Amino acid sequence: MKGWTGHILRVDLTDKTFKKESFTEEFARKWVGGRGFASKILFDELKPGIDPLGPENKLVVALGPIAGIPAPNTGKVVVAAKSPLTGFYGDGNLGSHVSSQLRKAGYDAMIIEGAADKPTYLNIEDDKVEFLDAAGMWGKGTYFSNEWVYKKHGRNAGVLNIGQAGENKVLFAVIRSLEGRAGGRPGIGAVMGSKLLKAIVVKGTKPIPQADPELMKKLGVEGLKKAHDLDQKSGWSRQSTTAVLAWCNEVNGLPVRNMRETSHPEAWKVDGERLDAARVKTYGCPSCTMRCGITIHDDEGRESELDYENIGMLGPNVNVFDLKKVGSLNYLCDDYGLDTISAGAVLGFYADAIERGAAKGDFRFGDADRGKTLLWDIASRKGETGNLLADGALKAAKVFGKNSADYAMQVKGLEMAAYNCKSIPGQALAFGVAAIGGHHREAWIITFELKHSKRESYGPEKAAKVIELQRIRGGLFEMLVACRFPWVEVGYELENYPKFFNAVTGLDWTLDDFWTAADRGYAMIKLHYLREFPDATRKDDYPPAVWFDKANADTDGPQKGVVLEYDKYDSLLQYYYDQRGYDRRGIPTLETLKKLGLEAEAAEVSKTAKLN
Ligand code: PTT
Ligand code: SF4
């Protein structure tokens with residue numbers, strides 16, 4: 001087998017043992033890597049109903065056949081587990097040297113099971129695995145612990161680590177890497193914390209097996225140059241993702257005040273122009289020539305790296321329009337290892353619930369200083385409020401009652417990213433049917449919808465576009481494990497990716513082969529969902545009720561009075577199901593599962609749930 005190393009590292013924290021396992025070429029071709037590997041492994045190895053924060057949950061770190069090979073932008077890693085936030089398969093994607101180091105150590109993935117009996121970190125160097133004492137960094141933030149590891153193991157090591165939020169099992173704790181950013185929004189950091197695993201350090205020295213290394217080298221060098229040139233020409237990385245903020249404000253898609261409003265006159269104060277002007281440094285993930293990370297000094301003089309989602313959710317969504325204060329909230333999320341999107345959504349929800357009389361407390365929209373202390377309360381689960389909010393907006397809403405779940409801005413328990421879609425039906429659908437809950441990673445249809453389609457349409461073309469984008473973004477990029485930005489942001493052609501894949505594997509895949517693999521991956525995650533929730537219904541694929549509520553419509557501007565319409569959303573959902581070959585609950589039919597080669601998985605799920 002070429003392209004894949006053919007090996008998975010299995011580590012048992014309970015027994016402090018590890019072994020190198022092999023997988024077949026058939027497995028590799030069927031599941032490709034990254035999200036494909038993780039979803040299949042977790043389906044096979046986890047019993048339904050297990051406690052996501054118990055030792056029986058497993059953490060998977062998964063790479064793909066081009067991960068770690070110099071080519072546009074291959075320094076990414078997928079982290080996955082059963083999510084404590086949503087109760088089924090969850091994953092995330094972050095930049096890290098772990099991508100190349102783990103592959104050079106001889107593995108395409110790592111499965112971490114059991115739980116340590118004291119704070120531990122793993123040190124992996126080629127075939128060696130050490131279970132080391134993490135007492136020196138337990139209780140500390142991610143900046144401290146990442147540096148602590150660097151001091152001991154050198155700056156060339158790949159490092160994944162958690163902050164206090166992961167240690168305290170906050171349900172939206174992420175995994176961090178100073179070489180990239182943060183990943184695993186649905187609480188994958190909490191799973192790591194539940195295993196008393198503070199960090200994973202990886203170094204490798206072996207060559208990654210490739211069918212045609214010369215060709216891959218040529219394609220990779222050309223690709224990196226092309227991505228760089230396209231970026232320079234377009235000027236995208238000047239503001240990077242934050243260019244979207246001014247646009248979202250203009251088109252009434254910005255999350256303001258827990259997504260009650262869609263734009264704000266002060267939004268310009270936290271937009272990409274202001275960020276670029278305040279830039280202190282530029283960062284990038286490994287193997288990247290586009291380097292889109294922008295840092296500024298926050299109001300306490302610390303360096304904080306901001307992207308659009310971080311600003312949108314910790315700024316306008318909580319009514320904070322001071323970039324330095326947003327930087328401060330973001331810095332704390334990064335240090336504690338809290339997901340910025342969920343943190344902003346939870347703070348916005350809490351302020352809203354207080355304002356609407358469902359909750360008691362002293363937090364108000366716009367109060368960044370109290371926001372900062374609340375983030376610590378959440379990360380440390382301090383007090384009744386911190387402990388409750390640490391479980392995410394939906395679980396908090398169940399305690400607050402008074403219909404507050406209607407404005408807990410989440411889907412399937414995962415808080416939605418920074419797009420206010422009460423008048424944007426296609427993007428609302430994209431959140432509704434995203435594989436792991438309210439994530440924009442899967443299908444970011446909003447630009448197509450607003451620039452090239454009819455905004456008000458609930459037609460089948462939007463369902464088709466959501467599927468097309470899911471195949472590319474949630475499929476190809478999550479399975480190959482590469483950053484999607486060269487394609488999304490600067491127009492680097494998609495056709496390059498099968499070329500890379502074929503050069504390393506010696507296979508002859510076209511994009512269509514990737515779409516089949518992507519559909520299989522989506523169906524697999526749906527089977528996870530049904531196995532955990534046998535009573536799944538199409539209502540699970542609806543965004544929050546407040547987006548359908550006339551009382552919540554914009555009171556002026558071009559979208560005045562517009563909200564989502566139930567009947568139309570329901571037929572849009574049906575277009576999506578029909579085009580995907582799913583039943584009326586949004587579950588793949590037996591015929592679809594058969595077409596995708598998932599008969600065995602279907603038989604397994606049929607033991608406890610109904611398939612049609
Ligand atoms: C992703 C989500 C995003 S998406 C952002 S900003 W974005 C937030 N980043 C966080 C952060 O930072 N710190 C923190 N404590 N929490 C954070 N949570 C949020 O996580 C880096 C980039 C970005 S910036 C995006 S869109 C793209 N995401 C990719 C992806 O998902 N897959 C892929 N193949 N390529 C991608 N390229 C881009 O990478 P999750 P990231 Mg990761 C500091 O985490 O769970 O996948 O959720 O995210 O490493 O920050 O992404 O405007
Ligand atoms: Fe990382 Fe940005 Fe480069 Fe993507 S474009 S690899 S997110 S630095």
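All values derive from a computational prediction rather than experimental measurement. Side chains included, hydrogens not; waters and symmetry mates left out as well; all remaining heavy atoms used. Whatever order the structure lists ligands and atoms in, that order sets their numbers, starting from 1.
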(message) I need the atoms of ligand 1 closer than 4.0 Å to a non-hydrogen atom of C333, numbered in the order shown.
(response) 15 (N)
(message) For ligand 1, which is the ligand I care about here, please tell me if H439 has any N or O atom under 3.5 Å from one of the ligand's N or O atoms.
(response) yes
(request) For A482, counting its heavy atoms only, list the atoms of ligand 1 lying under 4.0 Å from any of them. (result) 33 (C), 34 (N), 35 (N)
(message) Quick test of your reading of the model: are D229 and K233 salt-bridged, counting only N-O distances below 4.0 Å?
(response) no
(message) Counting only heavy atoms closer than 4.0 Å, does ligand 1 sit against the backbone of I188, its side chain, both, or neither?
(response) neither
(message) Suppose I only count heavy atoms of G284 and a 4.0 Å limit; which atoms of ligand 2 are within that range?
(response) 8 (S)
(request) Among E532, H528, K58, find the residue that satisfies the side-chain contact (heavy atoms from CB on, under 4.5 Å) test when tested with K82. (result) E532
(request) Please state which part of P186 comes within less than 4.0 Å of ligand 1, counting heavy atoms only: side chain, backbone, both or neither. (result) neither
(request) For atom 29 (C) of ligand 1, grab the closest protein heavy atom and report residue, atom and distance to one decimal in Å. (result) R484 NH1, 3.3 Å
(request) Check whether NZ of the Lys or CZ of the Arg K40 lies under 6.0 Å from the centre of the six-membered ring of F43 and within 45 degrees of that ring's axis. (result) no
(request) Tell me which one of E309, R181, R176 gets a heavy atom nearest to atom 7 (W) of ligand 1. (result) E309
(request) Just jot down the ligand 1 atoms closer than 4.0 angstrom to any heavy atom of L94, in number order. (result) 49 (O)
(message) I'd like to know if R473 contacts ligand 1, where contact means a heavy-atom distance under 4.0 Å to any ligand atom.
(response) no
(request) For C288, counting its heavy atoms only, list the atoms of ligand 2 lying under 4.0 Å from any of them. (result) 3 (Fe), 5 (S), 6 (S), 8 (S)
(request) Could you see which bit of R181 sits under 4.0 Å from ligand 2, with heavy atoms only: side chain, backbone, both or neither? (result) side chain
(message) Heavy atom to atom 41 (P) of ligand 1, shortest distance: which of G183, A182, A343 holds it?
(response) A182
(message) Using heavy-atom distances only, which candidate in T340, T241, D335, I175 approaches atom 17 (C) of ligand 1 most closely?
(response) T340
(message) Using every non-hydrogen atom in the two residues, find where V320 and L314 come nearest and quote the distance to one decimal.
(response) CB-O, 4.0 Å
(request) Go through ligand 1 atom by atom and flag the ones less than 4.0 Å from a non-hydrogen atom of L338. (result) 14 (C), 15 (N), 16 (N)
(message) Which of the numbered atoms in ligand 1 are under 4.0 angstrom from any heavy atom belonging to H440?
(response) 4 (S), 26 (S)
(message) If you compare all heavy atoms of R185 against all heavy atoms of H439, which two are closest, and at what distance to 0.1 Å?
(response) CD-NE2, 3.4 Å
(request) May I ask you to list the atoms of ligand 2 that are less than 4.0 angstrom from any heavy atom of C292? (result) 2 (Fe), 5 (S), 7 (S), 8 (S)
(message) Here's a test for you: under ring-ring contact (aromatic ring centres under 6.0 Å, His included), which of W444, Y419, W247 qualifies with Y308?
(response) Y419
(message) Heavy-atom contact check, 4.0 Å cutoff: does C285 meet ligand 1?
(response) no
(request) Report the residue from V61, I162, V79 that forms a side-chain contact (heavy atoms from CB on, under 4.5 Å) with I188. (result) V79
(request) Starting from atom 14 (C) of ligand 1, locate the nearest protein heavy atom and write down its residue, its atom name and how far away it is, to 0.1 Å. (result) D334 OD1, 3.1 Å
(request) Output yes when K226 and D231 qualify as a salt bridge under the 4.0 Å nitrogen-oxygen rule, no when they do not. (result) no
(request) Look at C285 and state whether any of its N, O or S atoms is less than 2.8 Å from atom 3 (Fe) of ligand 2. (result) no
(message) Quick test of your reading of the structure: of I311, D339, V488, whose heavy atom lies closest to atom 20 (O) of ligand 1?
(response) D339
(request) Answer yes or no for R302 and Y143: cation-pi contact, defined as NZ/CZ to six-membered ring centre under 6.0 Å and angle to ring axis within 45°. (result) no
(request) Can you sort out which atoms of ligand 1 are near R441, meaning under 4.0 Å from one of its heavy atoms? (result) 30 (C), 31 (O), 32 (N), 46 (O)
(request) Verify salt bridge (charged side-chain N to carboxylate O under 4.0 Å, His left out) between D91 and R35, making sure each step is shown before the conclusion. (result) CA-CA 7 Å; D91 64 14; R35 166 180 266 191; 2.8 Å; yes
